[in-house]
Structures are given as structure tokens and as C-alpha cells.
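Below: the structure, in C-alpha cells.
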There are 2 protein chains.
Amino acid sequence: MQTDLLSAQFAALADPTRRAILARLSEGEASVNELAEPFDISLPAVSKHLKVLEKAGLISRGREAQWRPARLEPMALKGIAEWMEHYRRFWDASFDRLDAYLKKIQQGDDRGPRN
Amino acid sequence: MQTDLLSAQFAALADPTRRAILARLSEGEASVNELAEPFDISLPAVSKHLKVLEKAGLISRGREAQWRPARLEPMALKGIAEWMEHYRRFWDASFDRLDAYLKKIQQGDDRGPRN
DNA sequence: CGCGTTGTCAACCGTGCGGTTAAATAAAGA
DNA sequence: TCTTTATTTAACCGCACGGTTGACAACGCG
């Protein structure tokens with residue numbers, strides 16, 4: 001079993017069905033039936049996907065009568081974004097320039113009042 | 001089997017050992033033995049991890065005599081970054097106002113027709 | 001209450017993953 | 001050539017994953 005949250009999040013995102021579910025939820029919360037509609041899989045399968053997403057902290061669920069609407073958990077992807085930031089310089093050209101600039105500043109004067 | 005590159009990349013990143021390997025490679029290329037050293041797993045296991053990373057396009061491998069150094073593939077993470085960009089407004093503070101606006105909209109027209 | 005709707009739980013199945021050990025391959029060096 | 005070093009391949013193992021079907025629970029409504 002996966003104890004590490006970041007691993008759980010990456011693993012959750014590795015499935016195309018789950019990414020599609022997230023895309024749908026980015027337009028607003030939805031019931032399980034609504035989420036299942038575009039796919040050719042059974043309802044329990046969708047229910048399992050939602051459980052995976054929930055354990056990864058990517059969604060949360062409510063209750064309204066017999067519906068259990070799922071909604072995107074807004075801050076969840078921030079952890080991944082922060083992990084990626086460490087590698088940003090490898091693919092983002094504009095970051096290279098900023099990086100160089102920051103290093104240059106840092107060399108001479110650490111606590112300068114930048115306004 | 002996974003044919004989708006994005007899925008393969010997320011799956012590759014879901015393993016902590018592989019993320020540690022990437023972190024090591026972000027400081028420069030390394031041989032399999034060097035990469036294996038911090039871990040308590042066998043060499044073939046590391047070799048398999050490298051193959052997963054390579055198939056995901058995250059690293060590439062060379063040959064120098066009997067060594068097969070691995071190096072980070074610079075542009076690889078860009079695909080993931082672009083996927084995440086779609087969700088940026090959900091966690092980035094500078095989009096807070098937009099987010100609040102979307103939530104407000106969402107309240108009104110949630111579950112209309114259909115089931 | 002009984003009924004229909006919505007969703008989950010339980011059990012099962014096939015496949016792939018991360019790990020192992022043992023053997024094979026590749027290249028440098030004596 | 002024979003040996004040493006570096007790495008991959010092959011075969012296997014246990015387990016988690018994504019899927020199924022069938023039964024069950026929760027709730028609104030007549």
C-alpha cells in the first residue's frame with residue numbers, strides 16, 4: 001500500500017479515466033452517474049476510481065440525499081507543482097533567465113531592499 | 001499495456017525510488033552502480049526502474065565502455081507541466097478571485113435536467 | 001410501507017509491477 | 001585468452017490494480 005501522498009497522487013493521475021474524471025470535475029461537481037456516463041465501464045469501477053482520487057486528496061465527496069457528489073479539491077495539485085518546480089529549469093527557457101538573474105542578485109547583496 | 005505517454009510519465013513518477021533517481025540525475029549523469037548505491041535494492045531492480053523512466057521519455061542512456069550512463073531528458077516534464085496548467089487556477093493564489101467566481105457560478109446551475 | 005434510484009461492498013479474475021536470484025552479455029585489461 | 005567489472009535478461013514470486021457481477025444500503029416519494 002502507498003503511504004506517501006505524492007506517490008499516491010502521481011499514481012492516481014496515471015490513469016486516463018481518472019484524469020478525464022478530474023477534467024469533468026474542473027467544470028463543477030458531479031454525481032457518480034454523471035461521471036460514469038462518458039465511459040464504457042461499470043458504476044462500481046467509477047466508484048473505485050473516485051476512492052483512489054479521494055485517497056490521493058485530489059477530490060472530496062459530499063452527500064445530498066442519495067447522491068454523493070464529487071468535487072475537485074482545489075489545493076491538491078500544489079504538491080505536485082512544487083515537486084515539478086525543482087525541475088523547471090530543465091524545460092522552461094524563461095526560467096533559465098530568471099534563475100541566472102536571481103543568482104546574479106544573490107551574489108552581491110542578499111538582503112537588498114527590492115521594491 | 002500503456003500506450004499513452006502522459007500516463008506512462010505519471011506512472012513512472014509514482015514510484016519514490018524513481019523520483020529519487022531523477023533527483024540524482026538532475027545533478028548530472030550517472031552509471032547504474034552509482035544510481036543504485038543509495039538504495040537497498042538489487043542492481044536488476046534499478047535497471048528495470050531505468051527502463052521505465054526511459055520508456056516514459058524522462059531519461060536517455062548512452063554508452064561509455066562498459067558503462068551505460070543515464071541522463072535526464074530535459075524537455076520530458078513539459079508535457080506534465082502543460083497538463084497541470086489547466087488546473088493551475090485551482091491552487092495558484094493569483095487565481096483566487098477567479099476561483100471564487102467560478103464557485104459562485106457553480107452553485108446556481110448544478111444538477112438541472114438529466115437523471 | 002413498498003418502490004425506484006443511486007451508490008457502495010464483497011468476492012472474484014487476469015494482468016502488470018516491483019522485487020528477487022541466477023545466468024548471460026559487453027567491454028576493458030592482464 | 002582469461003579475468004574482472006558493469007549491466008541486462010530470464011524466470012519466478014507476491015501483491016496491488018482495474019475490471020466484472022451480484023447483493024446490499026441509503027434515501028425520496030407515492
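Here is the naming used below: chain letters follow the sequence lines, and residue numbers restart at 1 for every chain.
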For C:dC9 and A:K51 - does any side-chain N or O of the residue sit under 4.0 Å from the phosphate oxygens OP1/OP2?
yes
Within residues 17-30 of chain B, which residues have any heavy atom lying less than 4.0 Å from an atom of DNA chain D?
none
Please assess A:E29 against A:E64 for the test side chain to side chain contact (heavy atoms under 4.5 Å, CB included), listing each intermediate value before the final yes or no.
CA-CA 12 Å; A:E29 65 175 40; A:E64 279 176 41; 3.6 Å; yes
Between A:H49 and D:dC17, is there a contact of a side-chain N or O with OP1 or OP2 at under 4.0 Å?
no
What's B:L43 touching, base or sugar-phosphate or nothing? Going by heavy atoms closer than 4.0 Å.
base
Euclidean distance, atom CG of residue A:D40 to atom P of D:dG19 [Å, nearest integer]
11 Å
Looking at A:N33, I'd like to know whether one of its side-chain N or O atoms comes within less than 4.0 Å of OP1 or OP2 on C:dG7.
yes
Give me the ring orientation class for B:W83 and B:F10: parallel if the planes are under 30° apart, tilted from 30 to 60°, perpendicular past 60°.
perpendicular
Of all the nucleotides listed (C:dT8, D:dA11, D:dT8), which has the minimum atom distance to the side chain of B:V32?
D:dT8
For C:dT20 and B:S42 - does any side-chain N or O of the residue sit under 4.0 Å from the phosphate oxygens OP1/OP2?
yes
Nucleotide N/O to protein N/O under 3.5 Å, stretch nucleotides 22-30 of chain C:
| residue | atom | partner | partner atom | Å |
| --- | --- | --- | --- | --- |
| C:dA28 | O4' | B:Q66 | NE2 | 3.2 |

Using OP1 and OP2 only, check whether a side-chain N or O of A:S47 sits under 4.0 Å from C:dT8.
yes
Taking C-beta and beyond as the side chain, do A:R19 and B:L6 meet within less than 4.5 Å on heavy atoms?
yes
Could you state whether A:L35 and A:L43 fall into the same hydrophobic cluster, counting links through intermediate Ile, Leu, Val, Met, Phe, Trp or Tyr residues with side-chain heavy atoms under 4.5 angstrom apart?
yes
Taking the side chain of A:V52 as heavy atoms from C-beta outward, which of C:dT21, D:dG18, C:dT8 is closest to it?
D:dG18
Roughly how many Å is it from CZ in B:F10 to C1' in C:dG16, rounded to a whole number?
20 Å
Whole angstroms only, please: what is the CD1-P distance between B:I41 and D:dT7?
14 Å
For B:L35 and D:dA6, give me the distance from atom CG to atom C1', rounded to whole Å.
13 Å
Side chain to side chain contact (heavy atoms under 4.5 Å, CB included) partners for B:A81, two or more places apart:
A:M84, A:W91
Measure CD/A:E34 against C1'/C:dG7 and give the value in whole Å, please.
13 Å
Contacts of type side chain to side chain contact (heavy atoms under 4.5 Å, CB included), residue A:R68, not counting sequence neighbours:
A:R61, A:R63
side-chain hydrogen bond (donor to acceptor under 3.5 Å, both in side chains) partners of A:S60, counting only residues at least two apart
A:R71, A:E73
Between P on C:dG16 and CG on B:D15, what's the gap in Å once rounded to a whole number?
18 Å
Residues in ring-ring contact (aromatic ring centres under 6.0 Å, His included) contact with B:W67, at least two apart in sequence or another chain:
none
Would you indicate which nucleotide in C:dG18, C:dT20, D:dT20 comes nearest to any side-chain atom of A:A45?
D:dT20
B:L50 CG - D:dT8 P separation (whole Å):
7 Å
Report yes if the side chains of B:I41 and B:H49 come closer than 4.5 Å at any heavy-atom pair, otherwise no.
yes
Report yes if the side chains of B:I59 and B:L22 come closer than 4.5 Å at any heavy-atom pair, otherwise no.
yes
Atom pair distance, as rounded to whole Å: CG in B:D4 and P in C:dG16
16 Å
